[in-house]
Protein chains: 2
Amino acid sequence: MSELNEHQHHDIVGRLRDAGLRPTRQRVALADLLFSQGDRHVTAESLYDEALGQGVRVSLATIYNTLNQFTTSGLLREVVVDSGKSYFDTNTGAHQHVFNEDTGDIEDVQLSLDADELASRISVPAGHEITGVDVVVRLRRSS
Amino acid sequence: MSELNEHQHHDIVGRLRDAGLRPTRQRVALADLLFSQGDRHVTAESLYDEALGQGVRVSLATIYNTLNQFTTSGLLREVVVDSGKSYFDTNTGAHQHVFNEDTGDIEDVQLSLDADELASRISVPAGHEITGVDVVVRLRRSS
DNA sequence: GTCGGTGCAAACAGTTTGCAAATAA
DNA sequence: TTATTTGCAAACTGTTTGCACCGAC
């Protein structure tokens, strides 16, 4: 069972409320797993397994719903590194990723490249906006 | 029916042979669609529809097999822009992508950023190598 | 003739959804 | 009490695979 003291609990509940989400038992527990241990990268399955391991009773469908809601409300960011499954990052700030294709692990990196400057070199079609500039360095075990 | 003259046909057959792939009717037809009209980005479905539209008789399973074989043998490159489906690019050189999240369209761009330079700033774990540095600018209709 | 390729259908992985029961406010 | 949320199972999308038949060499 994940241990929440009054203080942590209120932080999380407030954060959910600020995002316009009801602090249900499941959302509070998942937000606790996600946000109380630094920057993380999860998939639906990895978060589900972790929740079960911590004794949090939650269904996989709710994991999916919650990850999507958290992403829509800005608490998470989706990282597209694999055409087969979705990854989510608790770090919503500007940064880049190193993706290990063998293990599926993602690491944040700060390449100190100016995404806005890159974006400014793109001719954006009228009525469109840039929603992000993603940089992924791919790693694999040397053959 | 796709029209192949002697010359084009030989180019394609040779290209398949060089890649270590038997020039079957299906592979020749798909390679023709892919490589005889400049740089392109396709999904399995889009290539399947196009093939059927051109009167090329081929199954979807073969489209998948062929796209994977072409990618493995270096004729194509996979572009990871969507966590739901795979995109393939006939341009295997160093370049970046602009992805329209509404339409699914991909465009090549040359941001003249030095991927090798970026890569050099990453601390690569022992026994690992960088397989690519992907840059994707995401676009969406302005809200 | 041999070995690899193809097509079909079934299997699969990941994700979404309809609906009844449960819960936050 | 009322509107949301949850959990389950079923549905769905994209992709892979087993196997009999077909085709390139």
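Chain letters run A, B, ... following the sequence lines, proteins first and then strands; every chain starts at 1.
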Inset, instruction - Find out if a path of hydrophobic residues (ILVMFWY) with successive side-chain heavy-atom gaps under 4.5 Å connects B:Leu21 to B:Leu33. - result: yes
Legend entry - Distance in angstrom units between A:Arg27 CZ and D:dT4 P, rounded: 11 Å
Inset, instruction - Output yes when a side-chain donor or acceptor of A:Asn65 lies under 3.5 Å from a complementary backbone atom of A:Ala61, and no otherwise. - result: yes
Legend entry - Footprint string (nucleotides 18-25 of chain D, 5' to 3'): B base within contact, S backbone only, - free, heavy atoms under 4.0 Å: -----BBS
Inset, instruction - Would you check if the side chain of B:Arg17 reaches a backbone N or O of B:Pro23 as a donor-acceptor pair within less than 3.5 Å? - result: no
Inset, instruction - Would you kindly say whether B:His41 and B:Asp108 are connected by a side-chain donor-acceptor distance under 3.5 Å? - result: yes
Legend entry - Sidechain-backbone polar pair: A:Arg140 side chain, A:Asp102 backbone, donor-acceptor under 3.5 Å: no
Inset, instruction - Answer yes or no for A:Arg77 and A:Phe88: cation-pi contact, defined as NZ/CZ to six-membered ring centre under 6.0 Å and angle to ring axis within 45°. - result: no
Legend entry - Whether A:Asp32 side chain and A:Val28 backbone form a donor-acceptor pair below 3.5 Å: no
Inset, instruction - Could you tell me whether A:Arg138 and B:Glu129 make a salt bridge, using a distance below 4.0 angstrom between a side-chain N and a carboxylate O? - result: no
Legend entry - With sequence neighbours excluded, residues passing ring pair (Phe, Tyr, Trp, His ring centres under 6.0 Å) with B:His95: B:His97
Legend entry - Start and end of the DNA chain C segment that chain A contacts, any atom under 4.0 Å from a heavy atom: C:dG14 to C:dA25
Legend entry - Given A:Leu47, A:Thr72, A:Leu75, the one that forms side chain to side chain contact (heavy atoms under 4.5 Å, CB included) with A:Leu67: A:Leu47
Inset, instruction - Report yes if some heavy atom in the side chain of B:Ile63 is under 4.5 Å from a heavy atom in the side chain of B:Val58; otherwise report no. - result: yes
Inset, instruction - Find the distance A:Leu16:CG to D:dT5:C1' and express it as a whole number of Å. - result: 13 Å
Legend entry - Nucleic acid contacts - residues 98-107 of chain B versus DNA chain C, non-hydrogen atoms under 4.0 Å: none
Legend entry - Strand contacts (DNA chain D) in residues 66-85 of chain B, 4.0 angstrom heavy-atom criterion: B:Asn68, B:Gly84, B:Lys85
Inset, instruction - Looking at every strand, decide which applies to A:Thr43 at a 4.0 Å heavy-atom threshold: base, sugar-phosphate, or nothing. - result: nothing
Legend entry - Flag for B:Glu78-A:Ser83: side-chain donor and acceptor within less than 3.5 Å: yes
Legend entry - Matching residue for B:Phe35 among B:Leu76, B:Asp11, B:Leu30 - test: side chain to side chain contact (heavy atoms under 4.5 Å, CB included): B:Leu76
Legend entry - Rounded (10°) bend between the five-pair end axes of the helix from C:dG1-D:dC25 to C:dA25-D:dT1: 30°
Legend entry - A:Gly20 vs B:Tyr64, nearer the 5' end of DNA chain D by closest nucleotide: A:Gly20
Legend entry - Check: A:Ser46 side chain, A:Val42 main-chain N or O, donor-acceptor pair, under 3.5 Å: no
Inset, instruction - Find out whether B:Thr24 and B:Arg27 are in side-chain contact, i.e. whether some heavy atom of one side chain is under 4.5 Å from a heavy atom of the other. - result: yes
Legend entry - Presence of B:Ser86 side-chain N/O under 4.0 Å of D:dG14 phosphate oxygens OP1/OP2: no
